[in-house]
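Below: one structure, written as structure tokens.
Note on naming: letters A, B, ... go to the chains in the order of the sequence lines (proteins, then strands), and numbering restarts at 1 for each one.
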Number of protein chains: 2
Amino acid sequence: MNGADLLCETLLANDVDVCFANPGTSEMHFVAALDRQPRMRCVLGLFEGVVTGAADGYARMADKPAATLLHLGPGLANGLANLHNARRARTPMVNIVGDHATYHLQYDAPLTSDIESLARPMSHWVERADTADAVGTRTEEAIRVARAQPGQIATLILHADAAWNDVTSDAMPSPIEIASPNKPDAVRIRDAAAALRNGRTTTILVSGKALREGELETLDRIAQRTGARLMAQQSNGRMQRGAGRVVLDRVPYVIDLAVAAFADTEQVILIAANAPVGFFAYPGKPSSMLPEGCTTFDLTEPGQDVAAAIAALAGEVGVGEARPKLAPRHRPDMPAGALTKEAIAIALALHMPANAVVCDESVSSGRDFFRYTYGAEPHDFLQLTGGAIGIGLPLATGAAIACPDRKVVALQADGSGMYTVQALWTQARERLDVVTIIFANRRYQILHGELKNVGAGAPGENASRMLDLVDPALDWVGLAAAMGVEGARAESAEQFSDLLRAACGRKGPFLIEAMI
Amino acid sequence: MNGADLLCETLLANDVDVCFANPGTSEMHFVAALDRQPRMRCVLGLFEGVVTGAADGYARMADKPAATLLHLGPGLANGLANLHNARRARTPMVNIVGDHATYHLQYDAPLTSDIESLARPMSHWVERADTADAVGTRTEEAIRVARAQPGQIATLILHADAAWNDVTSDAMPSPIEIASPNKPDAVRIRDAAAALRNGRTTTILVSGKALREGELETLDRIAQRTGARLMAQQSNGRMQRGAGRVVLDRVPYVIDLAVAAFADTEQVILIAANAPVGFFAYPGKPSSMLPEGCTTFDLTEPGQDVAAAIAALAGEVGVGEARPKLAPRHRPDMPAGALTKEAIAIALALHMPANAVVCDESVSSGRDFFRYTYGAEPHDFLQLTGGAIGIGLPLATGAAIACPDRKVVALQADGSGMYTVQALWTQARERLDVVTIIFANRRYQILHGELKNVGAGAPGENASRMLDLVDPALDWVGLAAAMGVEGARAESAEQFSDLLRAACGRKGPFLIEAMI
């Protein structure tokens, strides 16, 4: 058994059995080890942004980490943007980044770079395995770090000689003990309950594990009992919503709307959420969305059990007979004629099957989805959490690997979709049940708004050339077909509705280019 | 005038008049400034790897830096792999990376990250402009650093408020003085000349600016006069070759061949080159390609004038009447039948027009190109210098922007081509005169060899799924068409030759999918 085999067996012993990968020469011994161990499911991405984004989507739905396999500093660098998103989503992940043999580093071969410096901003933990024997304990540490509550990004740098050298003991690794999340802090629970009774106007702002069906029901009962408003963070890793579930709004993205949403709030109780801040700064506008004097209070500390804290808070508040208010199934009327963003949202509300997984990188075009789908069939809603575009198609890819029996719906803006368009090939290769909807407005629409916000007036030649995706237009159906994914273009609301219904009624990847 | 205007004017005052860009919200004030200043040519890439790779190709051919515009940490991260290559090519480049307003950083908004940590491994210089007034001097520093000899990567982090605030003086920036390269060191020149007379078996190993036509002629005369062997580094930013130029071999990529190439060498004189080392380490094989006891000697120090050093060495050696041996124009016979890698190389030798710019990311498939094209029409040959794949299509894009009157030929492996496939759209948008040849072997061919090297035998299920680009196959003609680039597939040598001849006889982007 060599270090690479030990790595593979340690991952498998700890239930990490999916590896999203784009390997290179320095990882060939690990590839050979994976080849000897068919229990590991290897999923190839044709670019590392696909690899890390898919690992994120997988873990958000599987509630356990996947491994990634990346090729030295540049391979890691290509995956960093989606690692950034995963880190912000508190996704557990174990990255294996190959590096040169230990003794080869001093020669500064062309692919040498400072991997730690690259990895640290997007990782909670970065370590090296520099001998075959070190691989076992280092991999265990990485898994332990990744599976801490909430999830963390662990990046293990694997030297080629640590992979190819034999280990001194051939004993197979056993599962490590994963510590349960810490018990909630009774004082915090009592203080939160007291705050909820102090007569101030209160928002309970939630994210993370608080956004699961059961926790939201409890939170809704707490809100009813105390008069507090329940609200979700602007962007969340995973939220359970739809018919039969709690109706929940999010903090608006647009800064003036967000400020208005909190204008009357005197205190915010944060549950696995961050205090709301502007996604960007704007001249003359505030960075914090909270009014002067508004206080914030965290129900839990990192590492504590969010679900248990919510249950304890319910007990402390005494929710009594309060029944959660759940959304009824609602079927809005499908409009006819022009294909608009609203028509797309309504068609989704009508046709998405129960338990769909919706991966949202629709950016400005998909903002209607949320309000039309409170009463859609129940679904999980996965967002772009870190603002690094290029997550949508990979996220859907990984979610579909985690949930082979559920329909995955990718809401994808065209501009950001191009960042990691290679994910479509992986969807075809793995026969994933993903419907991708491309919002083809042929521009970075959000930036048109932002350019207006800076007072630049109508875009001229240089600005237009940087914000518009025309001359030539992209043919998304052609892109999909070239990577093995069937697709069709919708020019009217009726066409879109028909295509979506058909796509939801069959298995396998399908792309709809929605001409909005 | 605000900080963004000052940035734009400072770049233009110093002859940096092309900006490869993919901007975001935090860069909108700079976009607005570019819009007010039509002298700056803005070229949009639909992914940052395209942006940085194109800036590299541009600067290699223009012999001056372009600017890039990137969106915060994740936007920079997406461009890092090609920055790594550019750094290894000693390409001058000025990166502008937007960041939040200074006062907004403390709120840890979703897109916040440690930009310095990300930038440093691939940059020679990283600084922040945190006030509008600081933008001018910081930009001047960045340009000065980039234009040092040899070229450097300067990364300027531009806070949004430094861009949007007004500067205190509206004086337009003047050009900065760029120091000439340092004079060569007379002692080094004398020592090198002495070494060339000491009777030891000598290789003169060259890269960088030593690979231009005139310098190579002088070096060839030195080699003839002294009996030394002249050789180029394995991978080089730019090399001038073809008919009427010096015939020059490179250090082989394959480690056993490289070791054999230096087996008899007793000393190596390095001119803007690095001592040859293995691209990767392999069990039981050496890291250095040089035999025990072989000495190395650098003709110049960084910052010194390579061309002047070569001229001085010629004077010191006394090349006298020696005439450089130049390659005659040679037209190999075009084979018929199956389309092989050799047939592609021969067709290129036949049809490439004079002064073509060849951008090579053919990886294992294009190794024949070199030996068949010593006598092709004179051309510049640009390589993947840092081993980070995904450079070929962007490099060709940037080279074509720099050289609108020259045909650019991209030799592109299919696996690495997928990394930055979005570059084809920019080629269509900018009507660039690029012929892209896709070596469609539908696999990471080089890794098949490497897997064999590690003794893993024939690839099994997991390895095959990670090394083969089948199920489904990629349709490169379809990908190109979907991004506005015309293309065709070649299945035989005759078809390929006809397509290449036709593509070389017209202007504008064209892609040939060569089924090898």
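- Neither the backbone nor the side chain of B/Glu27 comes within less than 4.5 Å of any heavy atom in chain A.
- Using a 4.5 Å cut-off between heavy atoms, B/Arg88 touches chain A through its side chain atoms alone.
- Contact annotation for B/Ser235: neither backbone nor side-chain heavy atoms come within less than 4.5 Å of a heavy atom of chain A.
- Within the 4.5 angstrom heavy-atom criterion, no atom of B/Ser416 approaches chain A.
- Between B/Leu118 and A/Arg120, the closest side-chain pair of non-hydrogen atoms is not below 4.5 Å.
- In this structure, the side chains of A/Leu447 and B/Thr25 come closer than 4.5 Å at one or more pairs of heavy atoms.
- Only the backbone of B/Ala473 has a heavy atom closer than 4.5 Å to any heavy atom of chain A.
- Between A/Glu430 and B/Arg465 there is a salt bridge, with a side-chain nitrogen of the basic residue lying less than 4.0 Å from a carboxylate oxygen of the acidic one.
- Counted by atom type alone, B/Tyr107 and A/Asn274 present zero donor-acceptor pairs between their side chains at under 3.5 Å.
- Considering only heavy atoms from C-beta on, B/Phe47 stays 4.5 Å or farther from A/Ile389 through its side chain.
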Evaluate the side-chain hydrogen bond (donor to acceptor under 3.5 Å, both in side chains) criterion for residues A/Gln422 and B/Tyr419: first the C-alpha distance (whole Å), next the side-chain angles of each, then the deciding distance (0.1 Å), finally the verdict.
CA-CA 8 Å; A/Gln422 306 91 341; B/Tyr419 268 53; over 6 Å; no
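- Heavy-atom distances place the side chain of B/Arg431, and not its backbone, under 4.5 Å from chain A.
- Neither the backbone nor the side chain of B/Ala160 comes within contact range of chain A; no heavy atoms are under 4.5 Å apart.
- Contacts between B/Tyr282 and chain A at a heavy-atom distance below 4.5 Å involve backbone atoms as well as side-chain atoms.
- Proximity to chain A involves both the backbone and the side chain of B/Leu469, based on heavy atoms less than 4.5 angstrom apart.
- Aromatic ring centres of A/Phe280 and B/His100: separated by under 6.0 Å.
- Of the atoms belonging to B/Pro38, it is backbone heavy atoms, and not side-chain ones, that fall under 4.5 Å from chain A.
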